[in-house]
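Structure record follows, encoded as structure tokens.
A, B, ... follow the sequence lines: proteins, then strands. Residue 1 opens every chain. Every heavy atom of this structure was used, including side-chain atoms; hydrogens, water molecules and symmetry mates were not.
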2 protein chains.
Amino acid sequence: MADAVSVERSLDGMPGDLQSCPIRQVLDRIGDRWSLLLLLTLKDAPQRFNALGRAVPDISRRMLSSTLKSLEADGLIWRSVEATTPPAVTYGLTDRGRSLIVALRPLVDWAEVQTPAILMDRRRAS
Amino acid sequence: MADAVSVERSLDGMPGDLQSCPIRQVLDRIGDRWSLLLLLTLKDAPQRFNALGRAVPDISRRMLSSTLKSLEADGLIWRSVEATTPPAVTYGLTDRGRSLIVALRPLVDWAEVQTPAILMDRRRAS
DNA sequence: ATTGCTGGTCTCAATTAGAGACTGTAATCG
DNA sequence: CGATTACAGTCTCTAATTGAGACCAGCAAT
């Protein structure tokens, strides 16, 4: 298992007290450009690889693949392969993934409410 | 204003329906390695530049500086300079920043509860 | 006199992400 | 019948982003 790219950042070689910070642990994984977006995309129904790519159009297949791997390794999504030809690979939320979605709700609501004002501030600041 | 680095990703030139996704808008900014960590660090009290650097030891001064700028541009933190020598620059949460912290609460709690299990799954997957 | 503190910026190297070609089989289109 | 499309990825090459560390000014303490 060589190249699973950065989503798996090195966790070893850190000052001990950082290792033990749970927010750190979790943010280092899901706090990237794509993880939450993919989780949110899977919220309503399981999806197949290319369908996910279409739902999040500007993700590259490379990042799609590696992000899904890391979400699976964290037990947030499952992956199932039907050995048809061509094979059908489906991804969906696990219970843990669903519980994360729930915990994310207030943040999503916040984003919806605050975005207009933030956008205005950004313009002013630029 | 040349180099404010990636935290300010280009928002122009996107397919319209992505621009309008609020979660996208917000995650593109605070969904990075440092933003939430800094916000959380400011939760209890305003802090000065180098104090923040010490609180989040593995952030580089470069990213500290550019992340703070982007948080300020989004109206999530304020920055105040006391013209003493050497000048004292203090950062703190705005009301909007504080409201984000509140919205983040369930996610932080989730992280605290789930981290042990996630860590075990990661080992198994590796 | 040397060291360290303040808050940054600058350059250069390393890491990470993105673009797009390629795999191989099977169904579809004209 | 030949060409294209879709499936789920991987691979390489290049571009973007991040990190490491030097540097700036002036002042305080050792």
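Side-chain N/O atoms of A:K69 include one lying less than 4.0 angstrom from OP1 or OP2 on D:dT10.
A:S65 has its side chain within reach of A:F49: a pair of non-hydrogen atoms, C-beta onward, lies under 4.5 Å apart. A 4.5 Å side-chain heavy-atom check between A:L76 and A:L93 finds every atom pair outside the cut-off. In this structure, the side chains of B:P46 and B:Y91 stay at 4.5 Å or more apart for every pair of heavy atoms. Using a 4.5 Å heavy-atom cutoff, the side chains of B:R29 and B:S70 are in contact.
A straight line from CZ of B:R79 to P of C:dG7 spans 10 Å, rounded to a whole angstrom. Atom CD of A:E72 and atom P of D:dA8 are 15 Å apart (whole Å). Taking atom CG on A:D28 and atom P on D:dT18, their separation rounds to 14 Å, with Å as the unit. Atom-to-atom, CD of B:E82 to C1' of D:dG26 comes out at 17 Å; the value is rounded to the nearest Å. Note: CG (B:D32) to P (C:dT16) measures 15 Å, nearest angstrom.
B:I118 and A:W78 are not part of a single hydrophobic cluster, where members link through side-chain heavy atoms under 4.5 Å apart.
Across residues 37-52 of chain B, B:R48, B:F49, B:N50 each have a non-hydrogen atom less than 4.0 Å from an atom of DNA chain C (numbered order).
The existence of a salt bridge linking A:R96 and B:D121 is confirmed by a sub-4.0 Å separation between a basic side-chain nitrogen and an acidic carboxylate oxygen.
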Taking it one step at a time, do A:R24 and B:D58 satisfy salt bridge (Lys or Arg N to Asp or Glu O under 4.0 Å)?
-> CA-CA 12 Å; A:R24 212 33 208 277; B:D58 52 347; 2.8 Å; yes
Please list, for nucleotides 18-27 of chain C, all pairs of protein and nucleotide N/O atoms separated by less than 3.5 Å.
unit_1	atom_1	unit_2	atom_2	d
C:dG18	OP2	A:W34	NE1	3.3
C:dG18	N7	A:R62	NE	3.0
C:dG18	N7	A:R62	NH2	3.4

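A:D32 places a side-chain N or O within donor-acceptor distance of the main-chain N or O of A:S35, the cut-off being under 3.5 Å.
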